[in-house]
Participant: 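Dropping the structure in here first, questions after.
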Amino acid sequence: MAEAMKIRADMVGTLAKVKCIINHPMETGLRKDKTGQAIRAHYITHVGASLNGVSVMDGQVGSGLSRNPFLMLWIQGAKSGDTINVNWVDNTGDHNSAETVIA
Amino acid sequence: MNKTRRKLLIGAGAAGAFTIATAAGLTQSGAAHASGSTANDFGVNDFETMLNDLGGVNAQSSNGINITVPDVAEQGAIVPIEIYSQIPGSESIAILVEKNAIPVVARFEFKNGGVARVATRIKLAESSPVHVVVRAAGKHYRATKFVKAVIGGCGDEDFGSAMKSNSKT
C-alpha cells in the first residue's frame, strides 16, 4: 500500500492553490544498485486532480519527475470549503489519493 | 499500442479516452515491470519523435509561456520548475528534457477551471535544454530554457551519498 500523501489548498485571490506531495520512489529502471543489478522501474504514470468531484487536471507523467513528486496547481472558480482531490496510479498498479477542503 | 494511446490522449483529452488510456497503460507498464526493462509510458525514447508527437516541432515559439527554473541546478535529481501559460485557451502543458534518457517528463491537461499553470520538480540527467509545449485552442506553442546541472540526477549509483556530501558543504 502506498504511503500517505500530503495535500493542502488555500485561496490566493480568486484562485485556489493546491500543493501536494506524493511519497514515491520514482525509479526510472535505469539505475543500478551496488551489485550492478538494475533497480526495477517504479514510477507514477498518471496524476489527476478534481474539484468537488469534477476533474480539473489529468496528467500523464513519467519517471522524469523527481522522487517524492511535488505538484502545485491553480484552480479557477473554486471557493473556500470546496473539496480538492489528487490521485495517482503507478506502473505497478499501485494507487492512492488524498482529499482536502480549501481553507 | 503505446503510440496509439498517446495519440488518443493528445487528440481527445476526453474523460472516456483517459480511462481507456489508463487501463492500457496499466497492462503495458505491468509487463515492462515484470521483465525489468526500462519502462516508459510515453512510448519511444527519441527526443525528436516525442517532440513531434507532442506537436512541438512546428510549434510557434511564444513569450506567453513563463518557465521558472534555475539556470544552474545543483542537484539534477531535484530541479524545481514552474510553468505558467498565459496564452488564452491553454489546454495542456508538456515538459521535455532533451538530454534525458526518457525525454518526456509529463503532460498535463487542464479543464473545468484548472489553470494552465503547474509547479513540480523534475530530474535532469545532465545539463540540457528544457522544452515546454503548450496546446492552446488547437495550436501548439513552445518555449525553451537551458538548465545547467552540476550533478546529474539519473542512473547514478552514488547519487545518494553525493547528495549528502553536497548538502553539508
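Heavy-atom basis, side chains included; hydrogens, waters and symmetry copies ignored. Quick caveat, the model's predicted, so the values are computed rather than measured. A note on names: the letters A, B, ... follow the listed sequences, proteins ahead of strands, and every chain is numbered from 1.
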Participant: Is it possible for you to say whether Phe146(B) and Ile67(B) belong to one hydrophobic cluster, with membership spreading through side-chain heavy-atom contacts below 4.5 Å?
Facilitator: no
Participant: For residues 11-27 of chain A, give me every residue with a non-hydrogen atom less than 4.5 Å from any non-hydrogen atom of chain B.
Facilitator: Leu15(A), Met26(A)
Participant: Keeping the roles fixed (side chain from Lys111(B), backbone from Met57(A)), state whether a donor-acceptor pair exists under 3.5 Å.
Facilitator: no
Participant: Under 4.5 Å, heavy atom to heavy atom, which residues of residues 69-77 of chain A contact chain B?
Facilitator: Phe70(A), Leu71(A), Met72(A), Leu73(A), Trp74(A), Ile75(A), Gln76(A)
Participant: When rounded to the nearest 0.5 angstrom, what distance separates CD1 in Ile78(B) from CG in Leu65(A)?
Facilitator: 12.0 Å
Participant: Under a single-linkage rule joining Ile, Leu, Val, Met, Phe, Trp and Tyr whose side-chain heavy atoms are separated by less than 4.5 Å, which residues share a cluster with Val101(A)?
Facilitator: none
Participant: Keeping Asn112(B) on the side-chain end and Ser55(A) on the backbone end, is there a donor-acceptor pair under 3.5 Å?
Facilitator: yes
Participant: What's the separation between atom CD1 in Ile122(B) and atom OG in Ser66(A), rounded to the nearest 0.5 Å?
Facilitator: 7.5 Å
Participant: Do you reckon Val115(B) sits in the same ILVMFWY cluster as Ile84(A), going by side-chain contacts under 4.5 Å, direct or chained?
Facilitator: no
Participant: For Lys123(B) and Arg67(A), work out which heavy atoms get closest and say how close.
Facilitator: CE-N, 4.2 Å
Participant: For Arg117(B), check salt bridge (charged side-chain N to carboxylate O under 4.0 Å, His left out) against everything at least two apart and list the hits.
Facilitator: Glu82(B)
Participant: Measure Val118(B) against the heavy atoms of chain A and call it side chain, backbone, both or neither at under 4.5 Å.
Facilitator: both
Participant: Using the rule that two of Ile, Leu, Val, Met, Phe, Trp, Tyr join whenever any of their side-chain heavy atoms come within less than 4.5 Å, decide whether Tyr84(B) and Val134(B) are in one cluster.
Facilitator: no
Participant: Applying side chain to side chain contact (heavy atoms under 4.5 Å, CB included) to Asp58(A) and Phe110(B), what does each step give before you reach the verdict?
Facilitator: CA-CA 7 Å; Asp58(A) 270 339; Phe110(B) 303 96; over 6 Å; no
